[in-house]
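Here is the structure we will look at.
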Amino acid sequence: MQQQHRQPELVEGSLPVFVFPTELVFYADEQSSHKQVLTLYNPYEFALKFKVLCTAPNKYTVVDATGAVKPQCCVDIVIRHRDVRACHYGVYDKFRLQVSEQSQRKALGRKEVTATLRPSASQEPPSPRPQDEERRIKEQFADSEFFEQTAFQTAPVSLRHPSRKTQSVLIGRLTRRKQAESRPVAGGPSLLTVLLGLVCMAALMLPTLGEQESTVPVYLHLSVNKKLVAAYVLGKKKFIKPTQTYAVG
């Protein structure tokens with residue numbers, strides 16, 4: 001009798017969400033820029049449903065603010081700026097994409113995307129943004145609240161498979177994330193290791209057995225073999241790192 005493989009239960013908010021781009025910039029003097037596209041990728045083996053929230057829903061129209069993405073597919077979410085006025089120049093808004101499994105209500109992951117309106121592309125600020133602007137954005141969104149978009153449905157959301165290049169990027173991100181999560185936290189050397197290293201270093205600094213001109217008592221003179229052992233221990237414990245290799249003739 002075959003056993004069914006159960007998928008491990010995911011913790012709320014722990015699922016990485018892959019969205020591109022991570023920032024939307026609208027330009028008042030460019031009509032074509034008033035329509036932007038967010039691409040949501042699903043690199044997982046199970047389907048996802050999504051919901052788009054916004055801090056200023058009255059300024060934007062989100063086509064298909066809710067929907068689903070099949071496994072190994074991606075979906076385009078169209079966002080239009082419908083309140084292009086000078087009073088909104090430089091104001092930052094945020095979109096939040098929440099994803100969950102088809103059979104669950106809890107949000108498994110979320111991703112936030114900033115949006116701003118600028119007068120013209122010729123007045124684009126230097127990149128990266130200055131620290132004072134970054135600080136202002138964080139302060140603005142410190143107590144921000146997200147609202148659901150007004151229902152604006154079109155034809156069924158078109159799904160497509162991401163290109164091979166996109167799949168490679170997503171696989172690389174997932175692999176690096178899993179490696180980082182499975183990698184044990186590096187801690188400092190234990191007290192015993194430090195003491196052992198200090199003893200070995202002191203042994204290397206003592207005179208070698210047979211040296212005549214030395215003020216150190218003879219019983220502290222060490223043989224070459226003992227010094228080799230101390231050097232070997234230091235090398236195994238990575239207290240010292242060789243910087244040059246000499247050929248023995």
Is any side-chain heavy atom of [X] closer than 4.5 Å to a side-chain heavy atom of [Y]?
X	Y	result
Leu24	Leu38	yes
Tyr41	Val19	no
Asp64	Val78	no

| query | Has Lys111 got more than 12 heavy atoms of other residues, nucleotides or ligands less than 6.0 Å from its NZ? | reply | no
| Heavy-atom count around Tyr89 OH within 6.0 Å, excluding the residue itself: above 12? | yes
| Test salt bridge (charged side-chain N to carboxylate O under 4.0 Å, His left out) applied to Asp29 - qualifying residues, sequence neighbours left out | none
Closest contact, heavy atoms only, [X] versus [Y]:
X	Y	value
Val69	Phe50	CG2-CD2, 3.8 Å
Phe26	Ser33	CD2-O, 3.0 Å
Tyr44	Pro16	OH-O, 2.7 Å
Arg110	Val17	N-CG2, 3.5 Å
Ser100	Ala107	CB-CA, 4.3 Å
His34	Tyr27	NE2-O, 2.9 Å

| message | What I want to check is whether the side chains of Asp93 and Tyr60 have a donor and an acceptor closer together than 3.5 Å. | response | yes
Sidechain-backbone polar pair: [X] side chain, [Y] backbone, donor-acceptor under 3.5 Å:
X	Y	answer
Thr66	Lys51	no
Asp76	Thr39	no
Arg80	Val63	no
Gln72	Pro43	yes

| request: Show your working on side-chain contact (heavy atoms from CB on, under 4.5 Å) between Val25 and Arg118 and close with a plain yes or no. | output: CA-CA 7 Å; Val25 181; Arg118 303 192 186 280; 4.0 Å; yes
| query | Phe46 and Val99: same hydrophobic cluster, using ILVMFWY side-chain contacts below 4.5 Å? | reply | yes
| query | Do you reckon Val199 sits in the same ILVMFWY cluster as Met201, going by side-chain contacts under 4.5 Å, direct or chained? | reply | no
| said: Checking His88 now: which residues fulfil ring pair (Phe, Tyr, Trp, His ring centres under 6.0 Å) with it, not counting sequence neighbours? | reply: none
Rounded to the nearest 0.5 Å, what separates atom [atom1] in [X] from atom [atom2] in [Y]?
X	Y	atom1	atom2	value
Ser32	Glu30	OG	CD	5.5 Å
Gln36	Phe95	CD	CZ	10.0 Å
Glu112	Gln98	CD	CD	9.0 Å

| request: Walk me through it: do Val84 and Leu117 pass the test side-chain contact (heavy atoms from CB on, under 4.5 Å)? | output: CA-CA 8 Å; Val84 181; Leu117 175 67; 4.1 Å; yes
| message | Assess the residue pair Val194 and Leu198 against the criterion (side-chain contact (heavy atoms from CB on, under 4.5 Å)); give the C-alpha distance rounded to whole Å, side-chain angles, the decisive distance to 0.1 Å, and a yes or no. | response | CA-CA 6 Å; Val194 174; Leu198 292 175; 4.2 Å; yes
| query | Does the side-chain contact (heavy atoms from CB on, under 4.5 Å) test come out yes or no for Val91 and Lys59, once each step is laid out? | reply | CA-CA 11 Å; Val91 177; Lys59 292 166 59 176; 4.2 Å; yes
